Amino acid sequence: MRPKRQVLFMMTDTTRYDMVGCYGNKAMKTPNLDELASQGVRFSRAYTTQPVCGPARSCIFTGLYPHGTGSFTNTVPLWQGVKTIGEYLQPEGIHTALIGKWHLDGGDYFGNGVCPPGYDPAYWFDMRRYLEGMDEADRRKSRKESTPLEGGGIPAEFTFGHQICDKAIDFVKRYKDEDFFLTISLDEPHGPYLCPEPFASMYKDYEMPITPAHRDNLSEKPEFEKLWGERRIHEDKQHLHLNPSLFFGCNSFADSEMGRVMHLVEELCPDAMIVYTSDHGEALDAHSLDLKGPSVYEEISHIPLIVRGGAYMHAPAGKIYASVASHVDLVPTFLDYYGIEVPPSLSGVSMRGVIENPEGPRLRDYALCEFHRYEIDHDGFGGLQFMRAAIGDRYKLAEFLTDSDELFDDQVDPYEVHNYINDPAHEQVRDEMHQWLMREMNDTRDPFRGYQWRCRPWNTKEKKDWECDGYTRQRPSGKGELVQLDYDTGMEITETVRLKRKALGFAKKEKE
């Protein structure tokens, strides 16, 4: 009898990579995620495709970059026709359930309470449904960040995360003998940082180490970053104290809650694959910045990613994959696990090779990170900020359409204080990364591409051209998708192999 094809996919919100103990910060108490890493592969350089909740999730659940999902900013739904992982798996007989934060229906922060296609409505439990189960007093209590939390004032049962995990435990017990894809998506440790004791006071005496990144006065950085960090640039950095105790406490609480589900899956579904990640990070005053936004700084864009293999994708225990990885490869990996053909329209590829052999050939040269705006419903957080960035094992190139650009050398300057964008010694690697970025934007049909990206002030080799790159290619179609028709002949395009990239390295520039 063949093992069941089962996956537990766990997510938190705003957990940057160094908030998980196994990433090197021993002060962070995340024993369950640390245990998961000891059983599988820890990706040491994984990056979000956009450091904002909704867009990041649009990529995580579709396998497309945010610019290809429609949900490239908060409070904007996915475009019609964009499929999520549930819509790929459910027709194949996989029991799919998503319990927790969704953020892709175009509603407000809490969602609209409606189960989208591809998921079991009996287990749909977004934040709106969580709030609708409370009276007015409890609803207000759940959102008041100034609520006294220390002293055990918030029982675990009150929190969104605990209720999510209770429902997930019920699902696992009921369907342990079925093929399933179960997602638990916690809002924690995102504010308002609700958590019970001992977590609420676990970090009350802990202070974050102050690094050169916290003393960055942004003198070499784009103008918008100086506006973003205006309130902090002139602070006394020599006497800076950082104690986000409730944030870290809530993070450890989230680990505890996920551990309940993880250990039940290990007991009842020992052949299941278990995957954990977060949508984006949090600046926490590094580079004089707060929260997240148009940035490739480690604190904002670098996220944890841990994979414990299952019966159909083995992973060696306790190994590390040390090259760059991207959220855009998650959906292809899940499809591969279930033996489902990966559509050629997806922007990523399966990570099977590096999961099964993390010390073998690397998966990709660069990871793409982007930004548009924080949210369409208000004009805060800098408003419109177009960013396209290439992140490699050593270098990061961030291009900002309406501002100056950045090039970081993380080997020479791991705290990313210095900007090498105009340094002649870095010209060759800068230009190579730029060309990769332009090709990736073309290859994924970025709707915001154009000659303005090619003709950066430091790039004197390019000329402005009304025809831009002259790059035209209709989208290849996958199984069950509408087949595109060639403009010149009206006939179906069937030569998808030619159109599909063989790898995520340098795509060929074609004219048709």
Side-chain angles (χ1 to χ4, degrees), residues 16-18 23 43-51 65 211-213 216 218-222 225 280-281 283 286-287 289 293-303 305 320-329 347-348 354 361-371 386-401 403-444 446 453-462 503-507:
R16 68 190 211 182
Y17 75 102
D18 58 356
Y23 278 82
F43 288 73
S44 65
R45 290 186 63 81
Y47 290 88
T48 182
T49 55
Q50 185 164 332
Y65 291 118
T211 72
D216 186 1
L218 303 175
S219 61
E220 302 177 23
K221 307 300 173 61
E225 286 191 25
H280 54 74
H287 306 282
L289 306 178
S295 170
V296 292
Y297 287 130
E298 288 289 277
E299 297 83 4
I300 292 172
S301 63
H302 188 174
I303 44 84
L305 175 60
I320 297 173
Y321 179 66
S323 291
V324 291
S326 171
H327 276 157
V328 79
D329 298 323
S347 300
V354 297
R362 63 185 180 182
L363 178 69
R364 51 168 63 245
D365 293 325
Y366 304 111
L368 185 145
C369 188
E370 62 185 48
F371 196 89
F386 277 118
M387 178 187 80
R388 293 293 182 271
I391 301 174
D393 289 347
R394 173 175 174 178
Y395 299 100
K396 296 179 181 177
L397 172 66
E399 300 186 12
F400 302 98
L401 197 59
D403 213 314
S404 57
D405 303 328
E406 294 173 322
L407 180 69
F408 299 133
D409 183 340
D410 285 354
Q411 179 175 304
V412 174
D413 175 32
Y415 294 103
E416 301 173 333
V417 174
H418 300 293
N419 184 2
Y420 296 95
I421 193 66
N422 293 310
D423 179 13
H426 288 79
E427 180 178 341
Q428 181 177 349
V429 69
R430 179 199 66 192
D431 291 353
E432 288 176 357
M433 296 178 75
H434 172 71
Q435 290 301 320
W436 178 87
L437 195 54
M438 297 303 100
R439 283 188 283 264
E440 191 75 351
M441 290 174 71
N442 268 329
D443 197 45
T444 61
D446 188 331
W453 293 103
R454 286 193 296 109
C455 302
R456 305 307 297 153
W458 44 263
N459 187 8
T460 58
K461 301 171 185 176
E462 300 276 5
L504 287 179
F506 294 98

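These numbers come from the heavy atoms of this one structure, side chains and all, not from hydrogens, waters or symmetry mates. By convention here, the first residue in the shown sequence is residue 1. As the structure is a computational prediction, the values presented were derived from the model and not from experiment.
Within the 3.5 Å criterion, the main-chain N or O of V412 finds no donor-acceptor partner in the side chain of R394. No side-chain donor-acceptor contact under 3.5 Å links K221 to the backbone of S404.
For the residue pair F400 and P294, the shortest heavy atom distance occurs at CE2-O, 3.6 Å. Shown here for G293 and P51, the closest heavy-atom pair between the two residues is O-CG, 3.4 Å. Minimum heavy-atom separation, S44 to A322: OG-CA, 3.2 Å. Looking at every heavy atom in both residues, C455 comes nearest to E462 through SG-CB, 4.2 Å. Minimum heavy-atom separation, V296 to C369: CG1-CB, 4.2 Å. Closest of all the heavy-atom pairs between K396 and S301 is NZ-OG, 4.4 Å.
Side-chain atoms of H287 and I300, non-hydrogen and from C-beta on, never get closer than 4.5 Å to each other.
Between atom CG of residue D410 and atom NE2 of residue H302 there is a gap of 10.0 Å, rounded to the nearest 0.5 Å. Residue E370 holds its CD atom at 9.5 Å from OG1 of T48, rounded to the nearest 0.5 Å. Distance check, rounded to the nearest 0.5 Å: CG of N459 to CE of M438 gives 9.0 Å. Note that CZ of F408 is 10.0 Å distant from CG of L397, once rounded to the nearest 0.5 Å. Atoms NZ and CG, on K461 and D431 in that order, are 4.0 Å from each other to the nearest 0.5 Å. Here the CD-CD distance, from E406 to E220, works out to 10.0 Å after rounding to the nearest 0.5 Å.
In this view, R16 and D18 satisfy the side chain to side chain donor-acceptor pair (under 3.5 Å) rule, not counting sequence neighbours. By the side chain to side chain donor-acceptor pair (under 3.5 Å) test, D423 is found to be paired with H426, residues two or more places apart in sequence or in another chain being considered. Shown here are the side chain to side chain contact (heavy atoms under 4.5 Å, CB included) partners of R362, two or more places apart in sequence or in another chain: Y321, S323, D365, D393. By the side chain to side chain contact (heavy atoms under 4.5 Å, CB included) test, A46 is found to be paired with F43, I303, L305, A325, residues two or more places apart in sequence or in another chain being considered. Partners of Q428 under the side chain to side chain contact (heavy atoms under 4.5 Å, CB included) rule, at least two apart in sequence or in another chain, are E432. With sequence neighbours excluded, the residues satisfying side chain to side chain donor-acceptor pair (under 3.5 Å) with E399 are H434.
Relative orientation of the W453 and F386 rings is perpendicular, given thresholds of 30° and 60° on the angle between their planes. Note on ring orientation: taking the six-membered ring where Trp is involved, the planes of Y17 and Y23 are perpendicular (angle over 60°, cut-offs 30° and 60°).
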After noting the C-alpha distance and the side-chain angles of V328 and L368, does the key distance pass the side chain to side chain contact (heavy atoms under 4.5 Å, CB included) rule?
CA-CA 9 Å; V328 79; L368 185 145; over 6 Å; no
May I have the step-by-step check of side chain to side chain contact (heavy atoms under 4.5 Å, CB included) for L289 and D216, ending in yes or no?
CA-CA 10 Å; L289 306 178; D216 186 1; over 6 Å; no
Begin with the C-alpha distance, continue with both residues' side-chain angles, and end with the deciding distance and a verdict on side chain to side chain contact (heavy atoms under 4.5 Å, CB included) for L407 and H418.
CA-CA 8 Å; L407 180 69; H418 300 293; over 6 Å; no
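Side chains of E440 and Y65: a donor on one and an acceptor on the other come within 3.5 Å. In this structure, a donor-acceptor pair under 3.5 Å is present between the side chains of Y47 and E298.
Checked for salt-bridge contact, D405 and R430 miss the test: no charged N lies under 4.0 Å from a carboxylate O.
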